[in-house]
Every structure is written in structure tokens, then in C-alpha cells.
J.: 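One structure coming up, written as C-alpha cells, with questions to follow.
Keep in mind that what you see is a predicted model, and the values were worked out from it rather than measured. In what follows, every chain begins at residue 1, and chains take the letters A, B, ... in the order their sequences are listed. Every heavy atom of this structure was used, including side-chain atoms; hydrogens, water molecules and symmetry mates were not.
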There are 2 protein chains.
Amino acid sequence: MKIDPRHLEIVAAIVDEGGLTEGAQALGKSQPSVSRSLAQLESRIGTPLFHPGRRPLQPTELGHALAEQGRRVRDADDIAASLVTRYLSGHAGSVRVAGTPVFMDGVITAMLAEFQKEARDVHVHQSYGYADELIQRLNADALDFAVCPLRRDAVPDGFSFQAILPGLNVIACRAGHPLARKRALSLSDIAPYSWIAPPPDSPLFQDLKRAVSSIGVDDFRISFSGGSLASVISVLTESDSLTVLPYAVVFLQRHKNTLTELPLKISHPERELGILTTSDATNTPAATRLKSFVANRFQGLASRILQHQRNVTWRGG
Amino acid sequence: MKIDPRHLEIVAAIVDEGGLTEGAQALGKSQPSVSRSLAQLESRIGTPLFHPGRRPLQPTELGHALAEQGRRVRDADDIAASLVTRYLSGHAGSVRVAGTPVFMDGVITAMLAEFQKEARDVHVHQSYGYADELIQRLNADALDFAVCPLRRDAVPDGFSFQAILPGLNVIACRAGHPLARKRALSLSDIAPYSWIAPPPDSPLFQDLKRAVSSIGVDDFRISFSGGSLASVISVLTESDSLTVLPYAVVFLQRHKNTLTELPLKISHPERELGILTTSDATNTPAATRLKSFVANRFQGLASRILQHQRNVTWRGG
DNA sequence: GATTTTCATAACTTTAAGTTATGTACTCGT
DNA sequence: ACGAGTACATAACTTAAAGTTATGAAAATC
């Protein structure tokens with residue numbers, strides 16, 4: 001015998017509110033409507049759920065038991081309604097994000113952590129990848145969005161690319177590096193020092209090769225290679241080696257007083273860091289919200305970097 | 001935003017059965033009906049619950065989450081349906097029974113325990129009382145039925161009394177009592193022994209007084225009084241005292257070989273043991289079932305007692 | 001016994017869900 | 001790439017349930 005779950009909710013409301021009239025009000029229904037629905041249920045069941053002839057209605061033992069199930073139905077209703085509301089407003093759901101390791105570790109992870117402080121019910125799945133692989137995963141609908149450096153003319157058809165940071169690399173070293181104290185640097189100054197190289201398949205590795213070539217170093221010595229950003233920073237701070245890093249990463253490490261950049265302009269890539277999605281993607285509200293959050297945080301970072309650069313040029317001039 | 005719990009069940013059925021057509025079948029609904037209900041729900045929510053354009057339907061993340069709530073609604077429905085079915089068949093519910101202590105402890109409690117082996121979901125509340133109090137509690141709708149000895153002409157108006165055992169008391173003693181070995185007993189045989197008396201407000205106390213008076217004992221010595229049946233039996237088996245007990249109680253203790261009755265007819269009350277209810281009581285199915293069970297068990301007990309008495313008379317005669 | 005409160009019922013309207021029939025689009029095998 | 005099969009969407013009509021206002025009946029309270 002199938003029982004309409006709305007009828008169970010009616011029984012629960014009458015029991016919990018202490019009477020049919022108050023129960024109807026709690027349910028947003030009219031009193032006659034509830035009276036008839038209850039009568040219909042009792043007729044189907046074949047036994048009263050409230051003691052006959054008593055006012056206000058007093059539940060029988062079976063009435064109490066069915067009210068308990070009615071509460072469970074009401075709870076499920078309430079949770080479902082809350083789920084929908086929070087989902088639609090981007091306060092619930094999951095988001096799959098991936099990006100190049102140096103940016104994920106150096107910049108974005110902290111942003112995601114900050115985002116989750118204010119969005120506890122959003123489940124962020126983060127992973128790594130370089131542009132080619134990220135494009136494949138977006139095509140396969142395995143990612144909501146990716147964050148990676150890309151040249152504007154390299155964005156494939158069917159994708160959208162929202163630039164969030166201009167490409168700018170610097171030569172990085174430990175804060176107390178001998179070269180860091182010099183006002184001007186020549187090739188002979190740099191030549192004696194070894195280099196730390198990022199993984200060979202990374203765009204940063206190409207950036208490194210291009211950078212050292214642009215300052216005239218043809219045969220640079222690599223003392224460490226292939227590590228994560230954390231290990232690169234660790235070796236850098238314990239040696240006099242040099243490396244090439246995105247300026248944003250070095251900028252955000254400043255507060256630790258461990259890294260600095262050499263006052264030497266190197267060729268920077270034509271690439272910009274940006275948020276990559278498929279053009280026809282209908283993102284979930286949570287993904288949309290996180291994208292906006294990340295874009296907004298990068299806008300603030302870009303402003304702070306620009307301000308810092310103006311300060312340094314003024315003081316240095 | 002209120003969500004119809006039946007719609008949650010629909011989402012759950014589609015997800016669990018792997019498709020809309022199978023989900024509709026599981027729910028006992030037609031495929032077009034389910035399709036339209038789902039479309040109505042998605043329209044109200046404002047976002048799809050199943051990925052558009054895919055066959056069979058594949059739930060979105062929100063679809064999965066709402067399906068979980070739909071399972072909870074379905075579970076509550078199933079439990080409610082089972083509750084109703086079991087309640088109506090007397091397999092669930094609670095029953096309030098009371099009776100005179102000597103019968104409750106000596107006969108009925110074991111019956112209730114046997115009943116609950118086959119009716120685990122029936123909750124039996126048992127208590128004690130004598131006729132006057134039991135009548136009051138029945139009137140106050142605080143009991144479903146009572147089991148007590150009563151004379152037919154003493155049944156109040158507005159009550160029903162179903163006799164289940166004729167009144168028959170015996171003088172009881174321990175199995176190895178000296179008097180138990182005698183073929184015939186005289187007043188001088190009995191006079192030296194003390195008596196165990198039941199509580200003074202009990203009908204059995206009146207029976208005791210009437211019984212000893214009927215055999216000519218005018219001034220009987222009481223060595224123990226006021227205890228429960230268990231304590232009376234304990235004292236009886238450890239002494240040569242005598243007492244008056246309903247024969248059914250002694251009969252059911254026979255298997256322990258601790259008690260026996262003296263071969264002496266005493267005046268027995270005009271009372272019969274019976275099931276007492278108010279005439280207009282609409283008992284719950286479980287109470288009805290328990291009443292039938294108790295009446296049935298007493299019928300069997302009466303038959304066994306009668307058979308036993310025939311055996312004893314034949315062997316003895 | 002009168003008044004108030006609570007629920008039941010009547011009459012009518014609206015909404016949702018039932019059906020069969022059929023159309024559309026997706027999936028799978030060749 | 002195309003045809004067949006499968007799964008779901010939609011149309012049209014019917015039925016059932018639930019909405020409303022108005023009012024009656026009975027229980028509870030004073």
C-alpha cells in the first residue's frame with residue numbers, strides 16, 4: 001500500500017503543531033484542504049490516525065509513528081530546497097581546476113584556499129598540466145576551467161581565453177645573493193653562477209633558455225633541474241644559483257624575504273597568464289563563482305605588482 | 001522554494017534504475033507522466049538535473065544530490081507502508097495489560113513472553129492490580145485489557161468479561177511435605193502447621209480465610225505474609241508451611257517438582273478468571289491479537305488441567 | 001447553557017498526473 | 001556514414017487531487 005509522502009508530511013505537521021488548523025498554516029495549505037487530505041489518508045489506511053471526536057486532534061499510536069516518517073520526508077524536502085538554493089548561488093557543488101605547476105603552487109593554491117574559507121560547501125578539485133594537456137581535458141569535459149600561460153594567437157578554436165596577468169619573467173636568486181647588491185650587471189658578473197632549471201617539458205624551461213640567450217650566456221651550467229616550485233625555492237635559498245621565474249611568483253614570496261630578482265631585463269614571453277575554457281561550456285554556478293573569484297584576485301595582484309614597480313623605479317631613479 | 005517529495009522520488013528512481021523508462025516502471029507510473037513531472041521540476045528549479053541531450057539520462061551533480069534526498073523520502077514511504085500493514089495485522093503497536101499479581105506472575109507473564117517471541121514489534125506493558133483498580137484504569141482508557149478473577153454478577157455495567165478459567169483454589173505445600181504423603185487428612189493433621197498468607201488486600205487472602213474456615217480451622221497461625229508469588233513459593237519450598245493458591249499456578253509449577261497440593265477439597269470462590277474490557281473499547285489490532293492469544297493459551301491450560309485431574313482420579317480410584 | 005474554537009463538508013475551480021498515440025533525437029552496429 | 005533500435009518528449013484527452021470560500025457540526029471552555 002503506497003502512501004503519498006505529502007500525506008505523511010501532513011500528519012507530521014498536525015502532530016507537531018498541536019492541531020489541524022495550525023498544521024495547515026505551517027504547511028501553507030488551507031484548513032479544509034488538509035482536513036480532506038487527512039480524511040482521504042485515514043480512509044485508505046482503514047484506521048484513524050487521530051482519536052475520533054477529540055478537539056484539538058490527538059494522534060493515535062499509529063498516528064505518532066507515521067508522523068515520525070513525515071518528519072523524515074519534511075527533512076529531506078528542506079535539505080533538497082537548501083541544496084538547490086545553495087547550488088544555484090554557487091555556494092554548493094564541485095569545481096575542477098587545473099593549471100601549470102609553477103602558477104598553481106606559487107599563486108593559485110593560496111587563492112583557492114581563501115575561496116574555500118567563504119565557500120565551505122564548494123568542493124574544489126585541483127590538478128596540474130601544461131597547455132596541450134589542459135586543452136584536451138577541457139575538450140573531454142573533464143575540467144571546468146584551466147589557468148595557464150598562452151599566446152593569444154595560440155588559443156584554439158572553440159575556446160575562450162581571459163587574460164589575467166601579462167607575461168613577465170625575472171631572474172631570481174636568494175635575497176642575499178652577491179649579484180643582488182650590484183647596481184648594474186654585466187655578462188662577466190653572471191657567467192660564474194650555475195642555474196636551476198624547471199622541468200624540461202615546461203614552458204618555463206623554454207623561457208629560461210630564451211632568457212639566458214638574450215643576455216649572451218650561450219653555455220649555461222645547470223646545477224639542479226626538474227623539481228617542484230617548493231624544491232626550486234629551497235635550493236635557491238641555500239645556494240648562489242640563479243633561475244627564471246614568473247615575476248608574480250617572486251613578488252608573492254617577498255614577504256618571506258627569501259627571494260629577489262636581479263635588476264636585469266630579460267626577454268619575456270609573448271604569453272599571458274589566462275583562464276581557459278571551452279566556448280560553449282555551461283559552467284556550474286560554483287565554477288562561475290570561482291572563476292570570477294580567481295580573475296578578481298589576479299586583478300588585485302596585477303595592481304599591486306604595478307604599484308610596486310612604480311615605487312622601485314622612483315626610489316631607484 | 002518548496003519541492004514536491006514525489007518529484008524527489010522520481011529523480012531517485014531515474015538515477016537508481018539507470019533511465020527514465022525503467023524509473024517510471026519502478027514507480028508504477030507511465031513513462032510520459034514521469035517525463036513531464038521531471039520537466040516540471042527542472043523548470044521550477046531552473047537548472048537541469050540530467051545532462052541535456054544524453055540517452056539514457058545521466059544525472060548532473062545536483063541531480064545526484066537531489067536523488068539522495070529522494071531515497072530518503074522513498075525509505076520513509078516504505079517504512080510508513082510497512083508500519084501500517086504490520087499495525088493493522090497486530091504485528092506492531094503497544095498493548096497495556098494488567099492483572100492480579102498471583103496470576104500475572106504465576107501464569108500470564110510466561111504467556112506474554114511466548115507471545116513476544118512471535119510478535120517482536122508489539123510492545124507489551126504489563127502491570128498489577130486488583131479488580132476495583134483495574135476497572136478504574138479501564139474506564140480511564142489507561143489499559144487495553146485486564147485479567148482478573150471476578151464473579152459474573154460482579155461485572156460492572158459497560159464492561160465485557162470473557163471467562164477463561166474456572167475458579168479453583170488448592171492448599172499448596174512443598175513437594176516433600178509430610179502431609180503430602182497422607183492418603184486422607186483430618187483437622188488434627190493440619191492444625192500443627194503454619195500458613196503463608198497473601199497480601200491482605202488481595203482476593204486470595206479472602207480465599208485463604210474462607211478455605212481454612214471451611215475445613216474447620218478457626219485460629220490459623222500465619223508465619224509469613226504479604227510477599228510476591230516468587231517469595232511465597234520460596235518460603236513454601238523451604239518450610240512445612242501451607243498456603244492457598246489457584247490450582248493453575250500450582251499446576252504450572254509441577255514441572256519444577258517444588259510444589260504440590262494437598263488432597264483436600266476446600267471451598268472455592270464463585271469467581272472465574274477472565275479477560276475484562278470496557279464494552280465499547282475499540283481495541284488496537286495488537287491488543288485484539290494478544291487477547292486472543294491469552295484466551296487461547298488459557299483454553300489449552302484448562303484442557304490440560306482437566307486431563308490431569310481425570311488421570312489423577314483414575315489412578316487414585 | 002451560551003460562546004468560542006476546531007474540524008468537517010459542500011460546491012466550485014484549478015492544478016497535476018493519468019492514459020494512448022506519436023514525434024524527435026540519441027545511440028549503436030554495420 | 002547510414003539505418004535500425006532505443007529512450008525520451010510532446011499532444012490531446014481524461015481523471016483525480018487539492019485549491020478556494022462559505023457554512024455546518026461538534027467539542028471544549030467559561
J.: Looking at dA17(C), I'd like to know if its phosphate oxygens (OP1 or OP2) sit under 4.0 Å from a side-chain N or O belonging to Gln40(B).
T.: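 Gln40(B) to dA17(C) OP1/OP2: side-chain N or O found under 4.0 Å.
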
J.: What ring pair (Phe, Tyr, Trp, His ring centres under 6.0 Å) pairs are there with at least one residue in residues 51-79 of chain A, not counting sequence neighbours?
T.: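 Ring pair (Phe, Tyr, Trp, His ring centres under 6.0 Å) check on residues 51-79 of chain A returns no pairs.
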
J.: Counting only heavy atoms and a strict 4.0 angstrom limit, can you tell me which residues of residues 12-29 of chain A come near DNA chain C?
T.: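 Listed by number, they are Gly19(A), Leu20(A), Thr21(A).
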
J.: Whole angstroms only, please: what is the CD1-C1' distance between Ile10(A) and dA18(D)?
T.: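 For the pair Ile10(A) CD1 and dA18(D) C1', the rounded distance is 9 Å.
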
J.: I need the residues from residues 43-72 of chain A with at least one non-hydrogen atom less than 4.0 Å from DNA chain C; give them sorted by number, or say none.
T.: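 When residues 43-72 of chain A is checked for heavy atoms under 4.0 Å from DNA chain C, the hits, listed by number, are Arg55(A), Pro56(A), Leu57(A).
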
J.: Looking at His7(B), I'd like to know whether one of its side-chain N or O atoms comes within less than 4.0 Å of OP1 or OP2 on dA17(C).
T.: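 Looking at the OP1 and OP2 atoms of dA17(C), one of them is under 4.0 Å from a side-chain N or O of His7(B).
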
J.: Got a list of protein N/O to nucleotides 10-15 of chain D N/O distances below 3.5 Å?
T.:
unit_1: dA12(D); atom_1: N6; unit_2: Arg36(B); atom_2: NH2; d: 3.1

J.: Enumerate the residue pairs fulfilling ring pair (Phe, Tyr, Trp, His ring centres under 6.0 Å) with a member in residues 7-40 of chain B, sequence neighbours excluded, ordered by first and then second residue.
T.: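 For residues 7-40 of chain B: none.
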
J.: How would you list, by chain and number, every residue that makes a side chain to side chain donor-acceptor pair (under 3.5 Å) with Glu22(B), sequence neighbours excluded?
T.: none

J.: Under the salt bridge (Lys or Arg N to Asp or Glu O under 4.0 Å) rule, what pairs show up with a residue in residues 46-55 of chain A, not counting sequence neighbours?
T.: none

J.: Looking at residues at least two apart in the chain, or sitting in another chain, which of them share a side chain to side chain donor-acceptor pair (under 3.5 Å) with Arg152(A)?
T.: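 Listed in chain order: Glu272(A).
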
J.: Find out whether the Lys NZ or Arg CZ of Arg289(B) is both under 6.0 angstrom from the six-membered ring centre of Phe293(B) and within 45° of the ring's axis.
T.: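 No, a cation-pi geometry is absent between Arg289(B) and Phe293(B).
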
J.: Quickly work out the Leu38(A) CG to dC7(C) P distance and round it to whole Å.
T.: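 Taking atom P of dC7(C) as the reference, CG of Leu38(A) is at 10 Å.
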
J.: What residues, two or more places apart in sequence or in another chain, satisfy side chain to side chain donor-acceptor pair (under 3.5 Å) together with Asp121(B)?
T.: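 Counting only residues at least two positions away or on another chain, Asp121(B) forms a side chain to side chain donor-acceptor pair (under 3.5 Å) with Arg86(B).
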
J.: Can you run down the ring pair (Phe, Tyr, Trp, His ring centres under 6.0 Å) pairs that involve residues 116-156 of chain A, sequence neighbours left out, and say none if there aren't any?
T.: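 Listed once each, the pairs are His123(A)-His125(A).
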
J.: With sequence neighbours excluded, what pairs up with Arg44(B) under the salt bridge (Lys or Arg N to Asp or Glu O under 4.0 Å) test?
T.: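 Here no residue qualifies.
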
J.: Under 4.0 Å between a Lys/Arg side-chain N and an Asp/Glu carboxylate O for Arg71(B) and Glu68(B)?
T.: yes

J.: Mind checking side chain to side chain donor-acceptor pair (under 3.5 Å) for Gln136(A) and listing every partner two or more places apart, or none if nothing turns up?
T.: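 Gln136(A): no side chain to side chain donor-acceptor pair (under 3.5 Å) contacts found.
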
J.: Quickly work out the Glu9(A) CD to dA18(D) C1' distance and round it to whole Å.
T.: 15 Å

J.: Expressed in angstrom and rounded to an integer, what is the separation of Glu42(A) atom CD from dT9(C) atom P?
T.: 11 Å

